[in-house]
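A quick write-up on the structure given underneath.
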Number of protein chains: 2
Amino acid sequence: MSITQLAKDLNLSKSTVSRALNDYPDVSFETRERVQKRAEEIGYIPNPVAQRLKQGKSNAVGVVLPPPLDNGAFIEPFYSTMLGSLVIELEKSGLQLLVTTQKTSASDDDVVSYRKMFQRGLVDALLILRTHSNDPRVEFALQHNFPFVTYGRTEKETKHTWVDVDHEQAIYSAVIRQVGRGHRQIAFISTKSRYNYAQLRTEGYVQALKDSGIPFYPRWLVESGLNIDDGYRTALKLLKTEPRPTSIVCTTDDIAIGTMTACREFGLVPGKDIAIMGYGNSAACEHTSPPLTSIEAFPKQLGEKIGKFFTERLDGNTSDALQHVQSTKIIERDSDPVLT
Amino acid sequence: MSITQLAKDLNLSKSTVSRALNDYPDVSFETRERVQKRAEEIGYIPNPVAQRLKQGKSNAVGVVLPPPLDNGAFIEPFYSTMLGSLVIELEKSGLQLLVTTQKTSASDDDVVSYRKMFQRGLVDALLILRTHSNDPRVEFALQHNFPFVTYGRTEKETKHTWVDVDHEQAIYSAVIRQVGRGHRQIAFISTKSRYNYAQLRTEGYVQALKDSGIPFYPRWLVESGLNIDDGYRTALKLLKTEPRPTSIVCTTDDIAIGTMTACREFGLVPGKDIAIMGYGNSAACEHTSPPLTSIEAFPKQLGEKIGKFFTERLDGNTSDALQHVQSTKIIERDSDPVLT
DNA sequence: TATTTCACCGGAACCGGTTTCGGTGATTGG
DNA sequence: CCAATCACCGAAACCGGTTCCGGTGAAATA
């Protein structure tokens, strides 16, 4: 059912019908009512594709997800809840979210998948996830003058609109907490350093040691993959170092869960013989044994913020770059006791 | 850069350029080469929106996700990996996945979100997740003759294309396993029965008891929400029944994790004093204590199958309904010991 | 009464492609 | 030598909307 047929049905022209449906002023009250009523009756809904073509707007925001994880998961829990609230926020402004993934083979800062999205028409703006310190995707978007929001800053902290967690502060406070509980042998399991957040967190770790007058041992700063098993294997190596750390701060809850099993293999009971902290405050934290102390980063609020930034930018508010850094909160549980 | 401009640049007509780019036979070799070379140079890519409008195809498949979970997650891990492999499979045929969510307020079989998708142009086909026994979305799609694939059967098992897990067999084999390990007091924590899979699993539970000559106690068949906490609370009630079950089969890993903590509160050590099984074989299973015996349902394969069904259907293969039921496998760990 | 204003509506252009149709000039066949 | 075929390309219609422009008749103004 096209607008042409509807117009014929009503003995009106396409243009009048269109104006009536879109509440233009120069159409009489009676015909407007008549058109809208009839449209309702026969369930007419304008073809969104035609609208997009004419208006040059798609009313959609695109995101290309990182390649599936090793475990085959489409998306990590953190992004899951962030995107969840993003979708809800976008919906308020009539925006949709178009999701794609990278090819499995591609590295996650590959530009090819973004190029397709850039083609005017498919999406009006892009969300770039998990920025690298030096991110070609950001360069690409800036260069093509395409509206975008990033989750995560870049090294240059270019003047674009971004949302990010206060990673440095998050890990800083975690380490300070460990110090306050009597630890001086504190390890940090990080991830690949090309991620900008990884660098920020590492800075937080180093800074906290410094401010506490604790020397920095490079052996206790290790990198791990993001899976539980990655964390497990990394922790196995870490626990072999001499002296052994008495507290391990993990950059992910999954990594923390993996290190807990690694500890048990070393005969160390987490929460008793060794302190462990996670990051993300995932649902599992409550139900590990012992329950895992973790850092809440409020992905829901982040998603809302991103959504608001999108609507602002797409409303033409490009005056200045919108930016937001989200502070975190330590959720205290039983996995990191006071050192005895 | 539109095709019109490209044509002007080449001193050719739009139509010739279009034909050259799409490898039509009635264009000379030289001009074809010239056009394609020039298009490459200036990075011309046809506007997908215009293509969609003309061709009436969007080359996209839509899915509307259930409303965000109570914990705010966009998507459950199972769907996460299923959609991950689906996207990869669709990509092979040049198809995209368009993701939307329900309004938070809506029930997850609400048709309104689907109605938007139905509008010709946005997507060529729909994926309907987690069917109810009596699903208005399926009725709606059939009624409007819109191509779709469901994950999950319906009560009527209408002749449409679907993919589903062999839920009945899955739980049947789980219960039989418990019987084989000496249990005769076996509970099953299910979910809301309007989900078709819930009914199938319950049938599997009941049938297994019957075939084992074990009487059915209604008290040991309980319903729970999908979260860890829901499982926890449900298990608390279940453990108060007299007599107390010696084995609990859970319809979800999360529920199983919740029941494990519930057991501990009753002074029961999971894997020792009581047997527990999960479903889904999520990453956490390896790292609970004890590691959780669970049922692998192969979401990756399901996603691939769904993708193949989509490409077949969109290639016009509507001859007969495509259907696939995925068998499962029990992954044995330490949470369900032999009864002593 | 003549002219301007106004409310209201239809015609047509347009978005950027694809595809049908028809028209060249060259080549082949009779 | 004329007609039929052929390769190749341009003009134009079309997809389904939106919006500019102009035109009508009635009402307001001079």
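Just so it is clear, the values below take in all heavy atoms, side chains as well, and ignore hydrogens, waters and symmetry mates. Letters A, B, ... are given to chains in the order of the sequence lines, protein chains preceding strands, and every chain is numbered from 1.
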Out of D:dT19, C:dG16, D:dT18, whichever nucleotide has its closest atom nearest the side chain of B:L53 = C:dG16
Closer than 4.0 Å, any side-chain N/O of B:S18 to the OP1 or OP2 of C:dT18?
-> yes
Does A:Q301 reach the side chain of A:Q326, with side-chain heavy atoms less than 4.5 Å apart?
-> yes
How long is the line joining NZ of B:K8 and C1' of D:dC9, in whole Å?
-> 19 Å
Interatomic distance, A:L6 CG vs D:dG16 P [rounded to whole Å] = 13 Å
Provide, to the nearest angstrom, the distance between the CZ atom belonging to A:R32 and the P atom belonging to C:dC9.
-> 10 Å
With respect to the side chain of B:Y44, which nucleotide from C:dC21, C:dG17, D:dG16 is positioned closest?
-> C:dG17
Does a nitrogen or oxygen in the side chain of A:T31 sit under 4.0 Å from OP1 or OP2 of C:dC9?
-> yes
From D:dG17, D:dA11, C:dG16, pick the nucleotide closest to the side chain of B:N47?
-> C:dG16
Residue pair B:A50/A:N22 against DNA chain D: nearer the 5' end by closest nucleotide is B:A50
Looking at D:dA11, D:dT18, C:dC9, which one has an atom nearest to any side-chain atom of A:V27?
-> C:dC9
Examine C:dG17: is either OP1 or OP2 under 4.0 Å from a nitrogen or oxygen in the side chain of B:Q55? Give yes or no.
-> no
Whole angstrom value for the distance that separates C1' of D:dT18 from CZ of A:R19 | 10 Å
In whole angstrom, what separates A:N59's CG from D:dG17's P?
-> 15 Å
Ring centroid separation B:Y197 to B:Y195 under 6.0 Å | yes
Does D:dC9 have OP1 or OP2 sitting under 4.0 Å from an N or O in the side chain of B:T16?
-> no
Whole-Å distance, A:M1 CE to D:dC15 C1', equals 16 Å
Tell whether A:T4 reaches the base of D:dG16 with its side chain through a donor-acceptor pair below 3.5 angstrom.
-> no
Any N/O donor-acceptor pair, B:K14 side-chain to C:dG17 base, under 3.5 Å = yes
Please tell me if the side chains of B:S18 and B:I3 come closer than 4.5 Å, counting only heavy atoms from C-beta onward.
-> yes
Provide, to the nearest angstrom, the distance between the CD1 atom belonging to A:I45 and the P atom belonging to D:dG17.
-> 11 Å
A:E40/A:K37 salt bridge by N-O under 4.0 Å criterion | no
Quick one: A:L21 CG to D:dT19 P, roughly how many Å, whole number?
-> 13 Å
Is there a side-chain contact between B:V35 and B:L21, using heavy atoms and a 4.5 Å cut-off?
-> yes
Which is true for B:S2 with a 4.0 Å heavy-atom rule: it touches a base, it touches only sugar-phosphate, or it touches nothing?
-> sugar-phosphate
Is there a side-chain polar atom (N or O) of A:S28 under 4.0 Å from OP1 or OP2 of C:dC9?
-> yes
Go through the N and O atoms of the side chain of A:R52 and the base of C:dG16, and report whether any donor-acceptor pair is under 3.5 Å.
-> no
Closest to the 5' end of DNA chain D, once A:Y24 and B:S13 are matched to their nearest nucleotides, is B:S13
Any Lys/Arg nitrogen of A:E304 or A:K92 sitting under 4.0 Å from an Asp/Glu carboxylate oxygen of the other?
-> no
